Amino acid sequence: MHDDIGKTEASLVAARREHLAALRSSGRDPFSQTRFERSSVRDALASVEPALAAPVDCDDAALALPIAFDRLAELFAFVVAEQPLAAQRLRLAGRVLTRRGMGKTSFFDLADATASKLQVYARRDDLGEEPFTALSHVERGDIVGVEGYLFRSKMGELTLHATALEVLGKALAPLPDKWHGLQDVEKRYRQRYVDLVVNPEVRATFLARSRILSEMRRFIDAQGFHEVETATLLHVAGGAAARPFLTHVNALDAQMQLRIATELNLKRLIVGGMERVYEIGRIFRNEGIDTSHNPEFTMLELYAAYWDVNDMLAFNEALMEHLARVVTGGTTLRVGEHEISFARPFDRIGYLDGIARYSHGRFTRERLLDPAGAATILEELGMPPSPTHGHALDKIFERVLEPHLIAPTFVTEYPLAISPLAKRVPGDPEMTQRYELFCAQMEISNAFSELNDPDDQRTRFESQIAQRAQGDEEIPEPDWDFVRALETGMPPTAGIGIGVDRLVMLLTGASSIRDVILFPLQRQHG
RNA sequence: GGGGCGUUAGCUCAGUCGGUAGAGCAUCGGACUUUUAAUCCGCUGGUCGACGGUUCGAAUCCGUCACGCCCCA
């Protein structure tokens, strides 16, 4: 790949510049246009006989919005012929996707933000000789505004019959194939704007992501949570097991780290009495890139004072079902070859029980909770040795239990060794009040009753220092101020982290995290 | 880090056994007043990812590198 422009491409650009020059010389410079008033849903309804209009369920604010192409069919279902609506003056705008010129008439397909298109019909006899000639300089990729009325074509397609048309923007770069779109995945990510223009399903995916985020906020806000923004630049990035990105702050002449979680700062807010807080924020982890990992990704973390892990589980379950309903209209989703249901209740399985079950009883609690025992399990599985007990447990889990977690499943009660911030299970101090939610073999959320005993927290940080010394570089340095925060007193609290990108993958059927991140990290061209 | 696959016209893709490169779409010219991947006629368009090697001759074989995708660790 190199960025030098080829001769063919140069001639395509030159041809487009000639069309631009022609438009300018006829006083229709596309780049001098400043605005175009588009018809609102209310305008559209007002222009037709009330008796004909289908009932529309939307509030005043929605009525004032421009008509989205995906609503045209619903709003104008009654349009059957050419004549009844000739008095109507609808104004719609979009990007030209295809042109079908037929001498003295022409058809255009326009795209807006939705995955639907609008067909426009232009005729010389309606537009006049000179404007129709100007129209011949409108090409695929250009942005146009059209005024006209709707009718149904011979083939039954709802079509805007143009009475006036203006060019609002010109595409100088040639667009990809109108039928195949842009397939080259590398170019799709590097030039996402082109991907979005020519691949409507990509626009639909990112609009779905936006809807998921706003529904998530709505659902959470309705339960009295406050959205907050904590620092991304930290002296010590903690709250998760991951290597941080390093940066330098000139004003302080200090090396700092980008956050790997929002956990510790959000719990500081719980200590401060904010009681119900959440943050939807970008997290940075200096790790590998694959179909389910991007070095920067979005996480929802939420903390509720006076809740325990079971309250959080119920909240999590309700949130997931709600989002599934909003996005898909139902509770079942296709993920690869599996059909999975988000109808409550989700499956539950104990961490230790699950590993015991899928190892046919070979990997017992006693072996797993003993560092030496876990090491022998790794050997039996033919896996390389781990630097720490916690690392070994993670590897065993990934190999033995995770592959079986297709339907939404809460894995409950995690060993203390891999849960440095979670409260112990009463009467079982080696285990914690924690669960993780898995779907389609992906970890979606992680929640627990938060450890609020500062002495216990200090002890666990100290054991993390030992783990770091054993060579596990993903174990963060202790954040001793966090212990001081707990010494200030934290109510019993439950917290959760949800991987937003993976959740969007599930709900949109994306198989790669790159398909739900607008600008995934790519290596720079040599 | 290891393995596999890919990179050919603006886009989507062919390219046989090693003999100096093809199609469709787009562009350009022409016809066409309800088309919808419009159609019909005609013409253009190439640093075959980069570099090196083998060969009389390389898109094709070999090596190195770049970028990407997939799988594994």
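Remember, predicted model here, so these are calculated numbers, not experimental data. Proteins get letters first, then strands, A, B, ... in listed order; numbering begins at 1 in each.
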Touch class at under 4.0 angstrom, heavy-atom based, for A:R514 against every strand present
sugar-phosphate

Nearest whole Å is fine: how far is B:rC69 C1' from A:L521 CG?
16 Å

State whether A:R190 places a side-chain N or O below 4.0 Å from either non-bridging phosphate oxygen (OP1 or OP2) of B:rG68.
yes

Has A:K187 got a side-chain N or O lying under 4.0 Å from the OP1 or OP2 atom of B:rC11?
yes

Please state how far atom CG in A:D394 lies from atom P in B:rA73, giving the value in whole angstrom units.
15 Å

Among B:rG68, B:rC11, B:rU33, the one nearest A:V185 by side-chain distance:
B:rG68

Establish, yes or no, whether the cationic atom of A:R91 lies under 6.0 Å from the six-membered ring centre of A:F36 and within 45° of the ring axis.
yes

Anti or syn - B:rU20, cut at 90° from 0:
syn

How would you label the contact of A:L175 with the nucleic acid (heavy atoms, under 4.0 Å): base, sugar-phosphate, or nothing?
nothing

Could you tell me whether A:G181 contacts a base, only the sugar-phosphate backbone, or nothing, with contacts defined as non-hydrogen atoms closer than 4.0 Å?
sugar-phosphate

Checking base pairs now: Watson-Crick or wobble, both atom distances under 3.5 Å. What partners B:rC5?
B:rG68

Quick check for you: among B:rC11, B:rG68, B:rG46, whose closest atom lies nearest to any side-chain atom of A:K7?
B:rG46

Just checking A:S153: base, sugar-phosphate only, or nothing, at a heavy-atom cut-off of under 4.0 Å?
base

Are any of the side-chain nitrogens in A:R285 or A:E474 under 4.0 Å away from the carboxylate oxygens of its partner?
no

Among B:rC70, B:rU34, B:rU12, the one nearest any side-chain atom of A:S512 is B:rC70

Sugar-phosphate, base or nothing in reach of A:R399, heavy atoms under 4.0 Å:
sugar-phosphate

Between B:rC25, B:rC69, B:rU35, which nucleotide has the shortest distance from any of its atoms to the side chain of A:K178?
B:rC25

Expressed as a whole number of angstroms, how long is the span from A:L381:CG to B:rC72:P?
16 Å

B:rU35, B:rU34, B:rG68: which one has an atom nearest the side-chain heavy atoms of A:Q522?
B:rG68

Is A:Q119 side chain donor-acceptor paired with the B:rU35 base, going by distance under 3.5 Å alone?
yes

Which listed nucleotide (B:rA38, B:rC71, B:rC67) is nearest to the side chain of A:R523?
B:rC67

Using a cut-off of 4.0 Å on non-hydrogen atoms, how would the nucleic acid contact of A:Q183 be classed: base, sugar-phosphate, or nothing?
sugar-phosphate

Counting only Watson-Crick pairs (N1-N3 plus N6-O4 or O6-N4) and G-U wobbles (N1-O2, O6-N3), all under 3.5 Å, who is the partner of B:rU55?
none

Closest to side chain of A:R100, choosing from B:rU36, B:rA26, B:rU34:
B:rU36

Check for me whether the distance between the ring centres of A:F448 and A:Y414 falls short of 6.0 Å.
no

Given atom CD of A:E9 and atom C1' of B:rG46, what is their separation to the nearest angstrom?
13 Å

If you compare every side-chain N and O of A:H180 against the phosphate oxygens of B:rG24 (OP1, OP2), does one of them come in below 4.0 Å?
no

Kindly point out which of B:rU35, B:rU12, B:rC28 is positioned nearest to the side chain of A:D184?
B:rU12

When you measure from the side chain of A:T291, which nucleotide among B:rA38, B:rU33, B:rC71 comes out closest?
B:rC71

A:K104 NZ to B:rA38 P, straight-line distance once rounded to whole Å:
21 Å

Atom CH2 of A:W179 and atom C1' of B:rU12 are separated, to the nearest Å, by 13 Å

For A:E157 and B:rA38, what is the distance between atoms CD and P respectively, to the nearest whole Å?
12 Å

As a test of reading the structure: which of B:rC70, B:rC11, B:rA38 is closest to the side chain of A:D177, going by heavy atoms?
B:rC11

